[in-house]
There are 2 protein chains.
Amino acid sequence: MSKRSVTIVDIAEAAGVSIATVSNVLNRRNVPMSEETIRKVEDTAKQLGYRRNVMAANLSRQKSYELGLIVPSFTGYYGQFAEEMERKANEHGYHMSVFSAGGMKPEMEKRHLEMLLSRRVDGLFCHGLAMSHESTRAVVSDGTPLVLFNGWGWPADIALAAVNLDFAGGSLEAVRHLVQQGCQSLVYVGRSKALEVNGQRLAGFKKGVEQYGGDLPVMLLDITDCAADRIVDEVIRSSLHETQPIGILVFDDYAALSVMSAALKRGLRVPDQVKISGINNDPLSTACYPALTTLDIAYDLQADIAIGKMLERLEEKPFHMPDASMDTGGQEIHIPMKLIQRESSGANVPTL
Amino acid sequence: MSKRSVTIVDIAEAAGVSIATVSNVLNRRNVPMSEETIRKVEDTAKQLGYRRNVMAANLSRQKSYELGLIVPSFTGYYGQFAEEMERKANEHGYHMSVFSAGGMKPEMEKRHLEMLLSRRVDGLFCHGLAMSHESTRAVVSDGTPLVLFNGWGWPADIALAAVNLDFAGGSLEAVRHLVQQGCQSLVYVGRSKALEVNGQRLAGFKKGVEQYGGDLPVMLLDITDCAADRIVDEVIRSSLHETQPIGILVFDDYAALSVMSAALKRGLRVPDQVKISGINNDPLSTACYPALTTLDIAYDLQADIAIGKMLERLEEKPFHMPDASMDTGGQEIHIPMKLIQRESSGANVPTL
DNA sequence: CTGAAAGCGCTTACAG
DNA sequence: CTGAAAGCGCTTACAG
């Protein structure tokens, strides 16, 4: 049933020309050709239902036109980013192979990397954090260009660039906002497992406290999956509870929703007594009630720059930053985050 | 900088054997070989840092070991499914190329399909709904095996199988549950743009009303992005408002959260006055307050069967259904959905 | 047990 | 403007 597919040999025979000519016509190079051959070849190609075999073409051209992207997972933040990256790569004639490392599992990451290198991808995009040193060495020694995203403090010679979300700047801004809204104490609820991505937020939070916090009481907490209830209990038991409203910056919108739910469950009024800010501007931040203040992430900007840096290397095209102010000259590029204020919705309190 | 990579020719020379032998050793076929050659080849391969060129191998074998998956989007439901599919394919030695059709855009779907067929993927997994007839014809006429997911009523000769979530059965169950919880009226909030996926839910809802609803008043509504507020307004204005609690089944958890939020905003108590059930068992259904009752989706079961059906065709391996009861004999396979009850959390009412 | 040779489907100088 | 030929890196009968 699976008939051998049509090749340029078939077309050449049917059209009475050489396979070189067929190839020339079908790829419209700068080679001059007669109108008639062009028409003849194109027609028979269409008639025979020809579809180019990309594997063969790539093998011959010594280029795969395939790019690899390894994200920690497909859910939430990274799913959106991956979708954006895929679209952008397509626009430039590349194929993007996306893999999830199953939540930063080094062995999965390694398997995918090996596979990608075996396929001779032209370039690789990796999460700067999840990358093990071993994996990195494999990539680098292979000579495959690498662009990191959300990777801080990597040696400059390893990657073409590190395109990072400015979690620190965003968190700073969030603290400023909470203080401005009258918060009398400040809490950061982080996720230590997220390592540097958490560290950046924390650094921004601390800087914010320093700059805007005066001598407001501060508390640092860590949320391990679903422990939002305990987080809130700790806040309630603490002295912070006496000086309301309490301002809480949470690792991401999902965790922020959990924290808010736990607060509501315990009878706290949001945002009267507790003001919460998430991070990511996930759709859920507006679907919940009250809606969450959050930090918006410019996925497409991040994707634009990551792809741009890669193509700059792969093709000749020099790449110019969409926003000149972002060009720090170094290899680490920071994507700004924007605060989305959503304090409007009324407060909320449980009934029984 | 990008040194030509090591090939089997290099290994052959260094080890003093033929490339055929190198290939034989590296692929451990049933060909008998001397221990010594094996060792020699393996050692030099390692030494030279050889990595097989999959493009070349595949071209030669006339097989790509690549599978294509086209989902409507990477977010929510389909992101999880894609991740599962990818993992499963890897387990069986295949590479899964996942593409998002940007929310069922036919032209994107077509572009991806063309690309996938050009790469000579061994098999294709497509959303049964988004597939245009034109695209389908291209796949079928190419002889590439196709497995549909969430596609109802397709002609049997087009795909190997259609692996569908049993939205109808799940919705039926949800209605039974709402009635059992004492609901005095029933509402279905659908998303008509989702076509058949919505239709299946609606059918299940109606059947549920028939079987368990007695003569309870019923209302059918449609949610266009973010119009949850208006949905709730309509319910409040209707006569349903007089006979509480109202039971609402919503298209998915995200929309269910929006509806719940809108209800809370208007002062309705959940779940006292309004009982809501979502679909998908998304993490957010437990992060919100009150937590949402929902229908769990067995992604990995769906992925198992989809991949199983494909491999049954691609390799010899006969595939046996994980659950014999699901084998309806036909090509349409239904993945059961399980109700997750979360009525426990206390009710909720806005303050001002 | 090992190797010479043909072949996978295309591209790309190069010669005409 | 067109085509013969070499080559991309591997696999696979087949002969020894």
Side-chain angles (χ1 to χ4, degrees), chain A residues 2-42 44-45 48-66 93 117-122 142, chain B residues 2-42 44-45 48-66 93 117-122 142:
Chain A
S2 162
K3 39 209 156 177
R4 193 175 109 328
S5 35
V6 183
T7 73
I8 55 172
V9 176
D10 301 321
I11 299 181
E13 276 174 6
V17 295
S18 75
I19 61 164
T21 300
V22 174
S23 179
N24 283 340
V25 171
L26 263 29
N27 299 304
R28 305 216 164 293
R29 310 180 321 141
N30 320 16
V31 181
M33 296 168 287
S34 82
E35 275 306 318
E36 208 203 318
T37 4
I38 295 189
R39 206 187 36 66
K40 211 165 40 176
V41 170
E42 283 181 338
T44 57
L48 267 45
Y50 173 72
R51 185 166 354 235
R52 190 192 202 201
N53 184 325
V54 178
M55 284 190 288
N58 290 348
L59 179 61
S60 183
R61 294 187 285 183
Q62 295 280 72
K63 194 166 171 187
S64 69
Y65 286 95
E66 178 170 357
L117 291 176
S118 291
R119 304 187 124 248
R120 297 293 188 272
V121 290
D122 293 335
D142 235 64
Chain B
S2 162
K3 37 206 161 186
R4 193 177 107 330
S5 37
V6 183
T7 72
I8 55 171
V9 175
D10 301 320
I11 299 181
E13 274 173 8
V17 296
S18 74
I19 62 164
T21 301
V22 174
S23 179
N24 282 339
V25 170
L26 262 30
N27 299 303
R28 306 216 163 291
R29 311 183 315 143
N30 321 16
V31 181
M33 295 167 286
S34 83
E35 274 306 316
E36 208 203 321
T37 6
I38 295 188
R39 206 186 34 66
K40 212 166 38 176
V41 170
E42 283 180 338
T44 57
L48 267 43
Y50 172 73
R51 187 168 351 236
R52 189 189 202 205
N53 183 325
V54 178
M55 284 190 289
N58 290 349
L59 179 61
S60 183
R61 294 187 285 182
Q62 295 279 71
K63 194 165 173 191
S64 68
Y65 286 97
E66 179 170 357
L117 292 176
S118 291
R119 304 188 123 248
R120 298 294 189 272
V121 291
D122 293 336
D142 235 66

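Just so it is clear: chains get the letters A, B, ... in the order the sequence lines come, proteins before strands, and each one is counted from 1.
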*asked:* Within residues 51-60 of chain A, which residues have any heavy atom lying less than 4.0 Å from an atom of DNA chain D?
replied: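 DNA chain D contact set from residues 51-60 of chain A: Leu59(A), Ser60(A).
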[Y] side chain reached by [X] side chain, heavy atoms, under 4.5 Å:
X: Arg52(A); Y: Leu26(A); result: no
X: Met33(A); Y: Thr21(A); result: no
X: Tyr50(B); Y: Thr44(B); result: no
X: Val25(A); Y: Lys40(A); result: no
X: Arg120(B); Y: Gln62(B); result: no

*Contact class for Val9(B) (heavy atom, under 4.0 Å): base, sugar-phosphate, or nothing?*
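The answer is nothing, as Val9(B) stays clear of every strand by at least 4.0 Å.
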*asked:* So which atom in Ser18(B) and which in Ala12(B) form the shortest heavy-atom distance, rounded to 0.1 Å?
replied: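 For Ser18(B) versus Ala12(B), the nearest heavy atoms are C-CB, 3.9 Å.
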_Separation between CZ of Arg39(B) and OG1 of Thr37(B), rounded to the nearest 0.5 Å_ = 9.0 Å
*How long is the gap from OG1 on Thr7(A) to CG on Asp10(A), to the nearest 0.5 Å?*
4.0 Å
*Between Pro32(A) and Ile8(B), who's closer to the 5' end of DNA chain D by nearest nucleotide?*
Pro32(A)
_Contact interval (first through last nucleotide) of DNA chain D with protein chain B, 4.0 Å heavy-atom_ = dG9(D) to dT12(D)
*If you pin Gln62(B) and Ser18(B) to their nearest nucleotides in DNA chain C, which one's is more 5'?*
Ser18(B)
*Which residue lies toward the 5' end of DNA chain C, Met33(B) or Arg61(B), if each is placed at its nearest nucleotide?*
Met33(B)
*Assigned partner base of dG3(C), Watson-Crick or wobble definition, under 3.5 Å*: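 Paired with dG3(C), as far as the under-3.5 Å criterion goes, is dC14(D).
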